[in-house]
2 protein chains.
Amino acid sequence: MTRASSRRPGPPTRTERGIPEATVARLPVYLRALTGLSDSGIATASSEDLATAAGVNSAKLRKDLSYLGSYGTRGVGYDVEYLRYQIAREIGVTQDWAVVIVGIGNLGHALANYSGFGTRGFRIVALLDADPNLIGERIGDMEVRDFAELEDIVKADRVSIGVITTPAGPAQEVCDRLVAAGVTSILNFAPVVLSVPDGVDIRKVDLSIELQILAYHEQRKSGEAGLPEVPELPAMNGLTDLPSVGGGVGA
Amino acid sequence: MTRASSRRPGPPTRTERGIPEATVARLPVYLRALTGLSDSGIATASSEDLATAAGVNSAKLRKDLSYLGSYGTRGVGYDVEYLRYQIAREIGVTQDWAVVIVGIGNLGHALANYSGFGTRGFRIVALLDADPNLIGERIGDMEVRDFAELEDIVKADRVSIGVITTPAGPAQEVCDRLVAAGVTSILNFAPVVLSVPDGVDIRKVDLSIELQILAYHEQRKSGEAGLPEVPELPAMNGLTDLPSVGGGVGA
DNA sequence: CCGATTTTGTTCTCACGTTCACAAGCTCCT
DNA sequence: AGGAGCTTGTGAACGTGAGAACAAAATCGG
């Protein structure tokens, strides 16, 4: 059925199995929405129903799903279980992915305990930290192990995803070690920009950035007319008078 | 080719002080990069330097900054402290924002302890939960208070930002209460789609979605040629045989 | 069996975001 | 002082994404 071309050679940018990144980012949302409908005993849902459950508009949802194939039935809608399976397969969560968490501070602790972590598809195989005081501590049914064991663990359990929950300082080094050990996907919670070689995917979750984005819009709302009115040259007391120790320009 | 000449010559879409959303999302990154440079004693930086520190390309960075005004000096670069101040002001973190955290489970705990939270600009004024067993518990220098006190706290401290770290179940109700109390910006960690009235901003941080996006790309890498090869009609044993209790189409 | 009705899949258009390329403007050296 | 050398700010091309609209396909009632 896939009438790939047969049209104008104009925009052939449709990579045969390349799904737009924006769509990929929404597929997990659809998956969750479908799971919710399924749990409610709903067997069939229209794009409108699904879109409402997922918080998007129905045209966008239909277009997104069309990248996966024609899994709906015109005049009827989508079979919830069937579509759920197809999306899960496309995302890759029909198989299990081994995950290590590095940095067992407050956040690492929270993630280790987060049951919803394994929304099926992900299996935490190790909690790692370099702090001797933490090594050996039990969290749930796991035990914190020495970061030095990383390479062995990655090889033994075929770990492909690493989660970094260390402070900013050691994050890049941890990242390098993960990559060297063979991890090819990283989820970073440390507030730094990590650099990785090509072929390694990295995603960032940054609390303070999210808050700052909210603050920007908040300022717009409350201070609609009360903005600081652009102090082009504010009192730079003590700001520009830095020692200029190693500045690229400082004398 | 481009016969778009019939359009308006000058796209006045430049809302006088309207900064593109994509740019807003990067400003906090620039702010952090500038702070890092500042801490290193760097007084001046070129767009190339900054772009490297922020993990973006320099053209994008320059365009982003141009929305704020002309704060650089041609042939020289940007004064680190001055630019930092301007971005901080634009985002709104030169003032303090009062924040409440609702749901003091593992994640709420972690956030409450997260010192970097107050990367200056944000002040946690209350930790709330509805569980009597948690109320009164001390976390750092704060104490968990009853969610019922929400309205009083919001009014007293002029809280405009709420962070939801409850499980999925109560999240929407908590959200509604926050909005009713006057909170106009929400950061949601619960794995549900929340609906809010116009005028309320909401941002979502979702661990399992991030992991699933990584999984998708990971599958592409490892299984380049070994994909399940589209089982158009997989064994739907027990999947389509649901009771179809409330399906819009059942019967 | 056929037309009315429903809902998908797709096309088209517009808006947004990214990148390139270069003129404008600043500093420094001769 | 004047030109060489940088670096910013921006105009224009390009690519991606969103939404409206509609033709195609399936069901259902008569």
Side-chain angles (χ1 to χ4, degrees), chain A residues 1-15 18-27 30 44-52 54-80 82-83 86 247-251, chain B residues 1-15 18-27 30 44-52 54-80 82-83 86 247-251:
Chain A
M1 281 316 189
T2 50
R3 261 188 296 189
S5 55
S6 83
R7 261 302 175 192
R8 254 160 242 177
T13 1
R14 289 285 175 280
T15 318
I19 298 178
E21 194 54 34
T23 295
V24 170
R26 281 187 294 267
L27 289 180
Y30 302 155
T44 308
S46 69
S47 62
E48 201 68 50
D49 298 337
L50 267 174
T52 303
V56 301
N57 96 16
S58 65
K60 180 151 57 180
L61 180 134
R62 284 200 302 278
K63 187 185 270 192
D64 284 341
L65 294 185
S66 78
Y67 290 118
L68 311 191
S70 290
Y71 295 136
T73 306
R74 293 171 194 232
V76 177
Y78 300 89
D79 180 289
V80 172
Y82 183 55
L83 182 58
Q86 294 298 342
V249 178
Chain B
M1 291 286 287
T2 53
R3 238 169 239 285
S5 57
S6 62
R7 302 188 187 288
R8 290 164 202 169
T13 358
R14 288 285 176 281
T15 317
I19 297 177
E21 194 53 34
T23 296
V24 170
R26 281 187 294 266
L27 290 180
Y30 302 155
T44 308
S46 69
S47 62
E48 202 68 50
D49 298 337
L50 267 174
T52 302
V56 301
N57 94 18
S58 66
K60 182 150 58 179
L61 180 133
R62 285 200 303 277
K63 176 149 282 202
D64 283 343
L65 294 185
S66 78
Y67 291 118
L68 312 190
S70 289
Y71 295 135
T73 307
R74 294 172 192 228
V76 178
Y78 300 90
D79 180 289
V80 171
Y82 182 56
L83 182 58
Q86 293 299 342
V249 180

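Nearest approach of B/Val80 to B/Thr44, heavy atoms of both residues: CG2-N, 3.9 Å. Listed here is the closest heavy atom pair of A/Ala51 and A/Asn57: CB-C, 3.8 Å.
For the 3.5 Å distance criterion, the side chains of A/Asp49 and A/Ser46 qualify, holding a donor opposite an acceptor.
The distance between atom CG of A/Asp64 and atom P of D/dG17, rounded to the nearest whole Å, is 10 Å. The distance from atom CG of A/Leu83 to atom P of C/dT8 is 11 Å, rounded to the nearest whole Å. Atom CG of B/Leu68 and atom P of D/dT10 are 12 Å apart (whole Å). Rounded to whole Å, atom P of C/dC16 lies 12 Å from atom CD of B/Glu21. One can place CG of A/Asp49 at 8 Å from P of C/dT8, the figure rounded to the nearest angstrom. Going from atom CG of A/Asn57 over to atom C1' of D/dA21 covers 13 Å, rounded to whole Å. Between A/Lys60 atom NZ and D/dA20 atom P there is a gap of 11 Å when expressed in whole angstrom units.
Taking 4.5 Å as the limit, some side-chain heavy atom of B/Leu61 sits within range of a side-chain heavy atom of B/Tyr30. In this structure the side chain of A/Leu50 reaches within 4.5 angstrom of the side chain of A/Leu83, judged on heavy atoms.
An end-to-end axis angle of 0° holds for the helix from C/dC1-D/dG30 to C/dT30-D/dA1, taken from five base pairs per end and rounded to 10°.
Taken to the nearest 0.5 Å, the OH atom of B/Tyr78 stands 8.5 Å off from the OG atom of B/Ser70. Note that the NZ atom of A/Lys63 and the CG atom of A/Leu65 stand 12.5 Å from one another [nearest 0.5 Å].
Taking the side chain of B/Lys63 as heavy atoms from C-beta on, and the options D/dG17, C/dT18, C/dT10, the nearest nucleotide is C/dT18.
For A/Arg26, the salt bridge (Lys or Arg N to Asp or Glu O under 4.0 Å) criterion is met by A/Asp64, not counting sequence neighbours.
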- Per-nucleotide protein contact string for nucleotides 3-9 of chain D (B base, S sugar-phosphate only, - none; heavy atom under 4.0 Å): ---BBBB
